[in-house]
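These values consider heavy atoms only, across backbone and side chains, with no hydrogens, waters or symmetry-generated copies. None of the values given here were measured: they were computed from a predicted structure.
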Amino acid sequence: MDARKKQRCPQHWLDPILKRRLAEFPEASLELNASVHGLEESADGVTVLAVNTETGAPLTVHAKYVVGCDGGTSTVRTLLGISMEGNAHLNYSMGILFESPNLLERCGKATAERFLFIGPEGTWGNLTVIDGRAVWRLTVYGSATKFDMENFNAEEWIRRALGTEQIDFTVLSVLPWKRTELIASSYGTDRILLAGDAAHTMSPTGGMGMNTGLCDATDLAWKLEAVIKGWGGNRLIASYEEERKPIAIRNAAYSTHNFKTWTSPAPCDFLLEDSDRAIEARRTVGMDLKKATQAEWQSWGLQVGYRYEGSSICVSDGTPPTPDDYSTYVPTARPGSRAPHAWLADGLSTLDLFGHGFALLVFDHRRNKAIDCLLSAAQDREVPLAVTQIDKPEVAELYGSPMVLVRPDGHVAWRGADITDAGRILDIVRGADLHKEETR
C-alpha cells in the first residue's frame with residue numbers, strides 16, 4: 001500500500017456512512033435536531049422526552065431499552081446522575097484542521113502517519129494525516145489552563161509546524177478540547193445503559209477510544225437482542241458493565257501512558273541552536289521518542305488480547321491466563337478470551353462462524369452424545385446454537401479442547417471434553433438465574 005494513501009475517518013466522514021447504513025433497516029429511524037431533556041424508566045421500558053431544536057415541538061419515544069452513546073458530556077449520563085471517576089484533566093489541546101495539497105513534497109519530508117514537534121519547551125504538538133492527500137490536523141498542546149481563543153493564532157502555529165512561510169494552506173476548523181482519563185462510576189440502570197465516550201473518556205493517543213466504544217456495542221448488542229427475544233436471562237444485561245468496565249480502565253490507562261511518552265522530552269533551551277550540543281540533543285530526543293512510542297504502534301495484545309476475566313457468564317476451565325501484555329498477543333480459547341482466528345477450508349476463518357447466536361466448535365467426532373445434549377438444552381431455552389465440526393489438528397491444538405462454545409460476540413463462553421449438565425452451562429452463558437428455572 002502506498003504510504004501516501006494512509007488516512008483516517010473523522011466523524012464528519014463517518015456519520016454519513018452510518019446514516020446510509022441505518023437507512024437500510026426498515027425498523028430503524030433517525031431523529032435529527034432533537035434534544036433529550038428527560039428519561040422515565042419503568043419495569044417494562046423507558047420513555048425518552050425530547051424536543052425538536054428547530055421547531056420547539058415535543059418528541060416522545062418509548063423503548064424497551066435506551067443506550068446513551070452521546071459522548072463525553074453525555075446527557076443520558078447526566079440525567080441518570082452518574083459521576084465520572086479518574087483524571088479529569090491531562091491537558092488542554094487545540095485541534096486545527098487545515099488543507100495544504102502536496103504538503104510533504106513541498107516540505108521535503110518523507111511520508112509518515114504523524115509528526116511530533118519538539119521545541120525548547122518540550123513537545124508542543126503533532127501533525128497527523130487525515131485524507132492522505134491534502135487535509136491534515138495539527139494538535140497544539142496546552143497546559144492546565146484553557147486556551148485564550150480571542151488571541152489564539154492558528155495560522156501562526158501552522159507556520160511554526162511547517163517551518164516556513166512559503167507554503168500556502170487553508171484553515172478549515174479550529175476546535176479546543178480537553179484530554180481526560182475518566183470512567184463512569186456506573187454503566188447505567190436496568191434499562192438505560194451507557195456506551196462509548198459516555199461511559200469512558202481517554203486520550204486519543206493510540207486510537208483506543210473508538211476501539212473501546214465499538215467493543216462496548218458488540219458486547220451489549222447481543223445481550224440486548226437475547227433479552228428482547230426472550231432467551232437471555234435476567235443477569236445478562238448486568239454482565240455488560242462487569243465485562244466492559246475493566247477493559248475501559250485498562251485501555252484508558254494505556255492511552256494516558258502513550259500521551260506521556262509523546263510529551264516525555266524535557267525542556268531544552270538550546271535544542272534549536274546550530275551547534276554540536278544541539279545536534280546531539282536532537283538525536284537523543286529522536287531516539288528516545290522512537291523507543292518510548294513503540295508500545296503505541298505495537299499494541300496487538302491490547303487490541304485483540306483483551307478478555308473478560310471472572311465473567312459471571314463464562315464458565316472457567318481452571319487454566320491459567322495468558323500474559324496480558326500490550327504488545328504481545330497470545331491466541332487462546334480460554335473462556336472469556338476472544339476466540340482466535342484460524343484458517344478453515346475454502347478461505348473461511350473461524351471468525352466467520354461467529355456473530356449469529358452461539359457457535360459450538362467440535363474437534364472430536366466422538367462427542368455426538370454431548371452435542372445432542374447441548375442442542376436439546378438450547379432448543380428448550382430457544383437459544384440459537386450452531387454446531388461446526390472442524391477436522392484440522394492445528395486448529396484443534398490452538399483451541400485446546402475437544403469442544404468450544406463461542407458467544408455471539410466472538411468470546412469463548414465454555415470449553416471442555418465432555419458435557420455433564422448442558423442445561424446449567426447454557427443457563428450460565430445466557431445469564432439466567434441459576435436459582436430458578438427460566439426455560440420457556
Side-chain angles (χ1 to χ4, degrees), residues 1-37 48 50-57 59 61 63 65-77 93-103 111 113-114 126-139 154 158 169-179 193-222 224-225 251 255 303 355 409:
M1 176 181 177
D2 188 337
R4 290 172 295 181
K5 299 301 182 183
K6 288 182 178 179
Q7 63 182 56
R8 295 170 180 264
C9 188
Q11 187 172 355
H12 65 279
W13 291 349
L14 180 61
D15 282 356
I17 295 173
L18 295 177
K19 290 177 183 178
R20 288 196 298 270
R21 178 59 175 156
L22 185 64
E24 298 176 9
F25 295 88
E27 66 272 27
S29 63
L30 183 64
E31 294 286 348
L32 300 177
N33 305 310
S35 176
V36 175
H37 60 81
V48 181
V51 64
N52 186 297
T53 56
E54 291 188 339
T55 66
L59 174 66
V61 178
Y65 292 89
V66 166
V67 182
C69 308
D70 49 344
T73 59
S74 173
T75 297
V76 173
R77 188 185 67 233
S93 293
M94 184 73 72
I96 307 171
L97 202 67
F98 70 97
E99 186 175 29
S100 183
N102 304 315
L103 176 61
T111 55
E113 192 275 343
R114 180 185 300 129
N126 73 80
L127 184 67
T128 304
V129 61
I130 297 297
D131 69 353
R133 296 182 298 275
V135 181
W136 296 80
R137 184 182 67 230
L138 174 63
T139 300
I158 294 174
F169 58 83
T170 301
V171 176
L172 303 177
S173 67
V174 180
L175 180 67
W177 56 282
K178 185 168 69 168
R179 197 181 304 263
L193 292 309
L194 304 176
D197 285 359
H200 42 72
T201 63
M202 58 193 74
S203 174
T205 40
M208 292 308 300
M210 174 67 82
N211 282 307
T212 309
L214 288 174
C215 292
D216 289 345
T218 302
D219 185 276
L220 184 56
W222 79 268
L224 287 174
E225 180 185 26
N251 291 356
S255 300
Q303 296 178 46
D409 63 350

Peer 1: Can you tell if the side chain of Phe98 reaches within under 4.5 Å of the side chain of Val174, non-hydrogen atoms only?
Peer 2: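 Result no, sub-4.5 Å side-chain heavy-atom pair not found.
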Peer 1: Could you pull out every donor-acceptor pair under 3.5 Å between side chains of residues 205-213 and any protein atom, sequence neighbours left out?
Peer 2:
from: Thr205; atom 1: OG1; to: Ser203; atom 2: OG; distance (Å): 2.6
from: Thr205; atom 1: OG1; to: Ser255; atom 2: O; distance (Å): 2.7
from: Thr205; atom 1: OG1; to: Phe259; atom 2: N; distance (Å): 3.4
from: Asn211; atom 1: ND2; to: Gly207; atom 2: O; distance (Å): 2.8
from: Thr212; atom 1: OG1; to: Met208; atom 2: O; distance (Å): 2.5
from: Thr212; atom 1: OG1; to: Asn251; atom 2: ND2; distance (Å): 2.9

Peer 1: Can you find a pair of side-chain heavy atoms, one from Val67 and one from Leu194, that are under 4.5 Å apart?
Peer 2: no
Peer 1: Kindly write out the residues that satisfy salt bridge (charged side-chain N to carboxylate O under 4.0 Å, His left out) with Asp216, not counting sequence neighbours, or none if the list is empty.
Peer 2: Arg244
Peer 1: Taking only residues two or more places apart in sequence, or in another chain, which ones meet Arg21 in a salt bridge (charged side-chain N to carboxylate O under 4.0 Å, His left out)?
Peer 2: Glu24
Peer 1: Any pair with a residue in residues 193-206 that passes salt bridge (charged side-chain N to carboxylate O under 4.0 Å, His left out), sequence neighbours left out, goes on the list, sorted by first then second residue, please.
Peer 2: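 Passing the test, one end in residues 193-206: no pairs.
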Peer 1: If you define the side chain from C-beta out and look only at heavy atoms, does anything of Arg137 sit under 4.5 Å from Ile96?
Peer 2: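 Sidechains of Ile96 and Arg137: no contact.
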Peer 1: Is there side-chain contact between Leu97 and Trp136, with heavy atoms separated by less than 4.5 Å?
Peer 2: no
Peer 1: Quick one: side-chain hydrogen bond (donor to acceptor under 3.5 Å, both in side chains) partners of Glu31, sequence neighbours excluded?
Peer 2: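 Residues passing side-chain hydrogen bond (donor to acceptor under 3.5 Å, both in side chains) with Glu31: none at all.
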Peer 1: Which atom pair, heavy atoms only, marks the closest approach of Ile17 to Trp13?
Peer 2: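 That would be CG1-O, 3.5 Å.
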Peer 1: For Ser93, what residues pass the side-chain hydrogen bond (donor to acceptor under 3.5 Å, both in side chains) criterion, not counting sequence neighbours?
Peer 2: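 Ser93: side-chain hydrogen bond (donor to acceptor under 3.5 Å, both in side chains) contacts with Asn91, Arg179.
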Peer 1: Using side-chain hydrogen bond (donor to acceptor under 3.5 Å, both in side chains) as the criterion, list what pairs up with Thr170, not counting sequence neighbours.
Peer 2: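 For Thr170 there are no side-chain hydrogen bond (donor to acceptor under 3.5 Å, both in side chains) partners, ignoring immediate neighbours.
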Peer 1: Suppose we screen for side-chain contact (heavy atoms from CB on, under 4.5 Å). Which residues come up paired with Ser35, at least two apart in sequence or across chains?
Peer 2: Val51, Thr53
Peer 1: Going by heavy atoms in the side chains, are Arg20 and Leu22 under 4.5 Å from each other?
Peer 2: no
Peer 1: So which heavy atom on Thr201 is nearest to which on Gly72, and how close?
Peer 2: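 Scanning both residues, the minimum pair turns out to be CG2-CA, 3.9 Å.
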Peer 1: For Ala198 and Gly68, work out which heavy atoms get closest and say how close.
Peer 2: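 Nearest heavy atoms, Ala198 then Gly68: CB-O, 3.4 Å.
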Peer 1: Tell me, please, which residues at least two apart from Asp15 pass side-chain hydrogen bond (donor to acceptor under 3.5 Å, both in side chains).
Peer 2: Gln11
Peer 1: Is there side-chain contact between Thr75 and Arg77, with at least one heavy-atom pair below 4.5 Å?
Peer 2: no
Peer 1: Suppose we screen for salt bridge (charged side-chain N to carboxylate O under 4.0 Å, His left out). Which residues come up paired with Asp70, at least two apart in sequence or across chains?
Peer 2: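 With neighbours one apart ignored, the set is empty.
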Peer 1: Sequence neighbours excluded, which residues qualify as salt bridge (charged side-chain N to carboxylate O under 4.0 Å, His left out) partners of Glu225?
Peer 2: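 Partners of Glu225 by the salt bridge (charged side-chain N to carboxylate O under 4.0 Å, His left out) criterion, ordered by chain and then number, come out as Lys229.
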Peer 1: Using the side-chain contact (heavy atoms from CB on, under 4.5 Å) criterion, which residues pair with Leu175? Sequence neighbours excluded.
Peer 2: none
Peer 1: Does the side chain of Pro204 reach to within under 4.5 Å of the side chain of Trp177, using non-hydrogen atoms?
Peer 2: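 A side-chain contact under 4.5 Å exists here.
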Peer 1: I'd like to know if the side chain of Asn52 and the backbone of Gly56 have a donor-acceptor N/O pair within less than 3.5 Å.
Peer 2: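 Answer holds: no.
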